[in-house]
Participant: 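Let me begin by handing over the structure; questions about it come next.
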Amino acid sequence: MERLRFAPSPTGYLHVGGARTALFNYLYAKKVGGTFILRIEDTDPERSKPEYSEQILRSMKWLGLHWDEGPYYQSKRMERYREVVGYLLDNGLAYECFCTPEELEARRKEAQKQGKPYKYDRRCLYLSEEEKEKLRAEGRKPAIRIKLPDENPDREIKWHDLVKGDISIKISELDDFIIVRSDGTPTYNFAVVVDDHDMGVTLVMRGEDHISNTPKQIILYEILGWDVPKFAHIPMILGEDKTKLSKRHGAVSVEEYKKQGYLAKAMFNFLALLGASYEENREVYEPEELIQLFDINKITSHPAVFDHDKLRHINREHLKRLSLEELKRELEPFMEEKGYQWPDNWEVVLELLRERAYTLLDFVDKGDFFFTDDFQWDEKAQKQWEKGKDMVPALADLADAFEALPQWNAENIEQAMRDVAAKKDFKPRKFFPIVRIAVSGKTVGPSLFHMLEAMPKDTVVRRLRKAASQV
RNA sequence: GGCCCCAUCGUAUAAUGGUUAGUAUACCGGCCUUUCAAGCCGGUGGUGCGGGUUCGAUUCCCGCUGGGGCUACCA
């Protein structure tokens with residue numbers, strides 16, 4: 001039975017990179033009937049914030065990344081870490097280090113200045129009890145370092161990465177890294193090993209930025225005599241400029257995309273296909289399909305640029321697939337935000353609007369005139385209106401014609417419009433856009449006759465009269 | 001600087017030791033339409049460079065270049 005985990009640190013919102021890592025773990029676990037564990041890595045008291053944990057959990061739920069176990073919090077497992085450290089210390093596998101961060105930083109800088117690679121020099125490994133007591137008396141609080149095996153510096157730490165293939169690094173590249181801070185809290189490389197072991201994790205799937213941590217962790221497993229899990233490192237997500245995706249690239253948190261009107265399903269779909277593909281000629285999938293299709297061997301080994309255009313396209317496709325009831329439900333928060341009310345014929349309106357909507361936000365932006373009299377005229381509409389000023393008075397005639405219609409339907413509407421245009425000697429293609437602007441404030445939108453049909457007659461007449469009087 | 005990872009149209013990807021190097025998106029053009037979309041049709045655009053191996057490399061090997069990651073008492 002495979003056990004996987006997603007282990008975010010609550011130092012910020014869930015961003016799309018983390019979401020994709022979580023997604024791949026989720027897909028893998030679901031595909032093989034394994035367990036998906038959620039663990040919050042909050043060992044850094046400086047940077048971890050509870051509100052971020054909440055935010056991350058919320059984003060994961062929204063995306064449909066449901067975990068089977070957890071969330072576990074590392075901050076609640078301190079006793080266990082102490083226990084393991086005790087074992088390491090008692091057996092001479094780790095040792096206290098009294099060097100301060102400042103001293104270490106200075107040595108690092110010095111080494112850099114001389115162009116030498118920096119490694120901790122193990123000076124504290126050889127401290128006598130008296131010396132340690134003296135340092136303690138000075139008020140120094142020791143950190144704890146792991147003692148790396150040093151019998152063969154040429155020895156290579158290697159593993160077969162499920163995404164990257166064979167990776168190896170000489171043990172001499174590593175140094176005695178800190179596993180417990182002087183305040184007693186464990187560091188990432190230590191806590192992660194203890195947790196993954198305790199939680200029975202069989203496959204560690206995480207971002208590529210963790211590759212260099214992997215050898216350290218493998219050594220820890222070895223020193224502790226524990227089984228080493230499988231590893232899979234998935235490539236980073238990059239921004240348009242091909243550097244690691246970050247805030248300066250614009251929207252990066254899952255929450256933001258939700259606010260911008262993206263469907264959870266679409267995000268799920270897009271992320272699952274970012275750095276993987278399953279069938280030619282197809283890219284729109286339901287989450288269940290992606291679970292069935294998931295194959296870790298299909299994940300590419302190079303980083304991928306986050307393409308907003310593609311996301312928009314995928315979102316549009318999912319928007320089209322929704323039933324009108326589902327669509328209405330998704331739209332509810334956006335309508336509420338704007339203070340809009342649903343018209344009785346909301347189905348007709350949504351049908352008209354969704355043909356050119358990329359996001360949920362488009363419905364309330366591009367379709368504002370369906371929901372309120374207080375809609376905005378966009379810039380193009382203003383300009384075109386100015387150019388067609390001479391036709392504006394005719395809108396009053398059109399209002400009269402509309403009022404006289406026995407039946408408010410597209411055919412009658414079209415006929416009335418053509419009649420008025422003919423009577424005034426206007427070309428339909430010149431006159432119709434003016435009508436559109438008068439009732440919607442836009443130059444583009446749904447089929448005009450059907451759009452008008454979908455609006456209450458009195459609203460249309462009112463807007464035409466108001467516009468006509470603006471000359 | 002050191003270590004590690006990576007390299008196919010702008011982007012995401014497919015493919016094979018021999019193909020007209022495919023698909024999607026984006027872009028451009030046409031049809032359609034009152035407009036914008038959608039749809040249909042068509043188009044521009046790619047194997048980073050240099051060596052090998054080979055009858056033949058985009059594919060395999062090496063080097064280079066380029067990009068990315070890590071280099072913390074962050075995760």
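Side-chain atoms are counted along with the backbone in the values below, which use heavy atoms only and exclude waters and symmetry mates. A, B, ... follow the sequence lines: proteins, then strands. Residue 1 opens every chain.
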Participant: When the P atoms of B:rG30 and B:rA37 are considered, how many whole Å apart are they?
Facilitator: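 Nearest-Å result for B:rG30 against B:rA37 at atom P: 13 Å.
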
Participant: Hey, does the side chain of A:Lys242 come within less than 4.0 Å of B:rG66's phosphate (OP1/OP2), counting only N and O?
Facilitator: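 For A:Lys242, the contact criterion (side-chain N or O under 4.0 Å from OP1 or OP2 of B:rG66) is not met.
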
Participant: Given B:rA7, B:rA38, B:rA75, identify the nucleotide with an atom nearest to the side chain of A:Glu355.
Facilitator: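 Selected nucleotide: B:rA38.
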
Participant: Quickly work out the A:Lys244 NZ to B:rA75 C1' distance and round it to whole Å.
Facilitator: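 My rounded result for the distance is 10 Å.
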
Participant: In whole angstrom, give the distance that lies between atom CD of A:Glu414 and atom C1' of B:rU35.
Facilitator: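 So the two atoms are 14 Å apart, to the nearest Å.
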
Participant: Can you check the distance between B:rU47 and B:rC6, where both ends of the measurement are the C1' atom (answer in whole Å)?
Facilitator: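 It works out to 16 Å between them.
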
Participant: Given that A:Ser301 and A:Pro117 both sit by RNA chain B, which one's nearest nucleotide is further toward the 5' end?
Facilitator: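 Nearest-nucleotide comparison on RNA chain B picks A:Pro117.
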
Participant: The side chain of A:Met236 lies closest to which of these nucleotides: B:rC5, B:rG68, B:rA14?
Facilitator: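 So the nucleotide nearest the side chain must be B:rG68.
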
Participant: For B:rC60, give its Watson-Crick or G-U wobble partner with both distances under 3.5 Å, or none.
Facilitator: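 Partner of B:rC60: B:rG52.
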
Participant: Within the structure, does a side-chain N or O atom of A:Arg316 lie under 4.0 Å from either OP1 or OP2 of B:rA37?
Facilitator: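 No, A:Arg316 has no side-chain N/O under 4.0 Å of OP1/OP2 on B:rA37.
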
Participant: Using the C1' atom in both, what is the distance from B:rC5 to B:rG43, to the nearest Å?
Facilitator: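 Each nucleotide's C1' atom is 38 Å from the other's.
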
Participant: Please confirm whether the ring centroid of A:Phe306 lies under 6.0 Å from the ring centroid of A:His15.
Facilitator: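 Not close enough - the centres of the two rings lie 6.0 Å or further apart.
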
Participant: Determine the Euclidean distance between corresponding C1' atoms of B:rU58 and B:rU8; express it in Å to zero decimal places.
Facilitator: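 Result for the C1' pair: 7 Å, nearest Å.
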
Participant: Determine the Euclidean distance between corresponding P atoms of B:rU59 and B:rA75; express it in Å to zero decimal places.
Facilitator: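 42 Å, rounded to whole Å.
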
Participant: Among B:rA14, B:rU23, B:rA75, find the nucleotide with the atom closest to the side chain of A:His210.
Facilitator: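 The closest nucleotide is B:rA75.
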
Participant: Do the ring centers of A:Tyr126 and A:Phe98 come within less than 6.0 Å of each other?
Facilitator: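 No - the distance between ring centres of A:Tyr126 and A:Phe98 does not fall below the 6.0 Å cut-off.
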
Participant: Side chain of A:Ser277, heavy atoms from C-beta onward: which of B:rU34, B:rA14, B:rU11 has the nearest atom to it?
Facilitator: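 It is B:rA14.
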
Participant: Starting from P on B:rU13, measure out to CD1 on A:Ile314 and report it in whole angstrom.
Facilitator: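 About 12 Å, once rounded to whole Å.
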
Participant: Can you figure out which of B:rG68, B:rC70, B:rU25 approaches the side chain of A:Asp309 most closely?
Facilitator: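 So the nucleotide nearest the side chain must be B:rU25.
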
Participant: Side chain of A:Pro433 only, heavy atoms from C-beta on: which candidate in B:rG22, B:rU34, B:rA12 is closest?
Facilitator: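 Nearest nucleotide to the side chain: B:rU34.
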
Participant: Quickly work out the A:Leu398 CG to B:rU34 P distance and round it to whole Å.
Facilitator: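 Those two atoms, CG and P, are 16 Å apart.
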
Participant: So which nucleotide does B:rG39 pair with, by the Watson-Crick or G-U wobble rule with both distances under 3.5 Å?
Facilitator: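 Answer to the pairing question: B:rC31, which forms a Watson-Crick or G-U pair with B:rG39.
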
Participant: Give me the distance, rounded to whole Å, that separates B:rA72 from B:rA57 when you measure between the P atoms they each carry.
Facilitator: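 Taking atom P in both B:rA72 and B:rA57, they lie 45 Å apart.
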
Participant: Check A:Phe432, A:Phe426, A:Phe431 against A:Pro428 for a side-chain contact (heavy atoms from CB on, under 4.5 Å) and give me the one that passes.
Facilitator: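 Exactly one pass, corresponding to A:Phe432.
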
Participant: Anything under 30° is parallel, anything over 60° is perpendicular, the rest tilted; go ahead and classify A:Phe294 against A:Tyr28.
Facilitator: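 Perpendicular.
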
Participant: Does B:rU11 have its OP1 or OP2 closer than 4.0 Å to a side-chain nitrogen or oxygen of A:Arg312?
Facilitator: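 Looking at the OP1 and OP2 atoms of B:rU11, neither is under 4.0 Å from any side-chain N or O of A:Arg312.
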
Participant: What is the separation between atom CG on A:Asp166 and atom P on B:rC4, rounded to the nearest whole Å?
Facilitator: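 Whole-Å distance recorded here is 14 Å.
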
Participant: Paired with B:rG17 by Watson-Crick or G-U wobble geometry, both distances under 3.5 Å: which nucleotide is it?
Facilitator: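 For B:rG17, the partner nucleotide comes out as none, under the 3.5 Å rule.
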
Participant: Which residue is it: A:Lys216, A:Glu41, A:His210? I am looking for the one with a side chain to side chain donor-acceptor pair (under 3.5 Å) to A:Tyr188.
Facilitator: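 Going through the options one by one, the only one that passes is A:His210.
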
Participant: Less than 6.0 Å separating the ring centroids of A:Tyr52 and A:Tyr13?
Facilitator: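 Yes, close enough.
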
Participant: Rounded to whole Å, please give me the gap between CG in A:Asp44 and C1' in B:rA72.
Facilitator: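 Rounding to the nearest Å, CG of A:Asp44 and C1' of B:rA72 are 10 Å apart.
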
Participant: Could you tell me which non-hydrogen atom of A:Leu452 sits nearest to which non-hydrogen atom of A:Val435, and how far apart they are?
Facilitator: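 Closest heavy-atom pair between A:Leu452 and A:Val435: CD1-CG1, 4.4 Å.
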
Participant: Nearest to the side chain of A:Arg356, heavy atoms from C-beta on, is which of B:rA75, B:rA37, B:rC73?
Facilitator: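 Closest of the options to the side chain of A:Arg356: B:rA37.
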
Participant: Using the P atom as the reference point in each nucleotide, state the distance between B:rG63 and B:rG2 in Å, no decimals.
Facilitator: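 The same atom, P, in both gives a distance of 15 Å.
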
Participant: Do any side-chain nitrogens or oxygens of A:Arg418 fall under 4.0 Å of OP1 or OP2 in B:rU34?
Facilitator: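 Answer yes for this pair, as a side-chain N or O of A:Arg418 is under 4.0 Å from OP1 or OP2.
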
Participant: Kindly say if A:Thr243 contacts the phosphate of B:rG67, meaning a side-chain N or O under 4.0 Å from OP1 or OP2.
Facilitator: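 It does not, given that no N or O in the side chain of A:Thr243 lies less than 4.0 Å from OP1 or OP2 of B:rG67.
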
Participant: Using a distance-only criterion (donor-acceptor N/O pair, under 3.5 Å, no hydrogens), is the base of B:rC73 paired with the side chain of A:Ser182?
Facilitator: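 Such a pair exists between side chain and base.
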
Participant: Among the candidates B:rA75, B:rC73, B:rU35, find the nucleotide nearest to the side-chain atoms of A:Arg108.
Facilitator: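 So the side chain of A:Arg108 is nearest to B:rC73.
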
Participant: Roughly how many Å apart are B:rU20 and B:rC55, using the P atom of each and rounding to a whole number?
Facilitator: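 The answer is 22 Å between these two P atoms.
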
Participant: Can you confirm whether or not the ring centre of A:Phe363 sits under 6.0 Å from the ring centre of A:Phe370?
Facilitator: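 No, the ring centres sit 6.0 Å or more apart.
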
Participant: Quick one: is A:His302 getting a side-chain N or O under 4.0 Å of the B:rU13 phosphate, OP1 or OP2?
Facilitator: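 Looking at the OP1 and OP2 atoms of B:rU13, one of them is under 4.0 Å from a side-chain N or O of A:His302.
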
Participant: Write down the distance between NE2 (A:His450) and C1' (B:rU35), rounded to a whole number of angstrom.
Facilitator: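 Roughly 15 Å, once rounded to whole Å.
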
Participant: Would the base of B:rA75 count as contacting A:Asn189 through its side chain, where contact means a donor and an acceptor less than 3.5 Å apart?
Facilitator: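 Result: no qualifying N/O pair found.
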
Participant: What nucleotide, of B:rU23, B:rA38, B:rU13, holds the atom closest to the side chain of A:Thr300?
Facilitator: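 Nearest to the side-chain atoms of A:Thr300, counting from C-beta on, is B:rU13.
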
Participant: Once you apply the 3.5 Å cut-off to both distances, tell me the Watson-Crick or G-U wobble partner of B:rG1, or none.
Facilitator: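 Here B:rG1 is engaged in a pair, and the nucleotide opposite it is B:rU71.
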
Participant: Grab the CD-P distance between A:Glu351 and B:rA37 for me, whole Å please.
Facilitator: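 Nearest whole value for this atom pair: 20 Å.
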
Participant: Considering only heavy atoms and no angle criterion, is a donor-acceptor pair shorter than 3.5 Å present between the side chain of A:Ser447 and the base of B:rU34?
Facilitator: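 When only heavy-atom distances are counted, A:Ser447 does reach the base of B:rU34 through a donor-acceptor pair under 3.5 Å.
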
Participant: Would you say B:rA75 has OP1 or OP2 under 4.0 Å from some side-chain N or O of A:Thr187?
Facilitator: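 Answer is no, no contact under 4.0 Å.
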
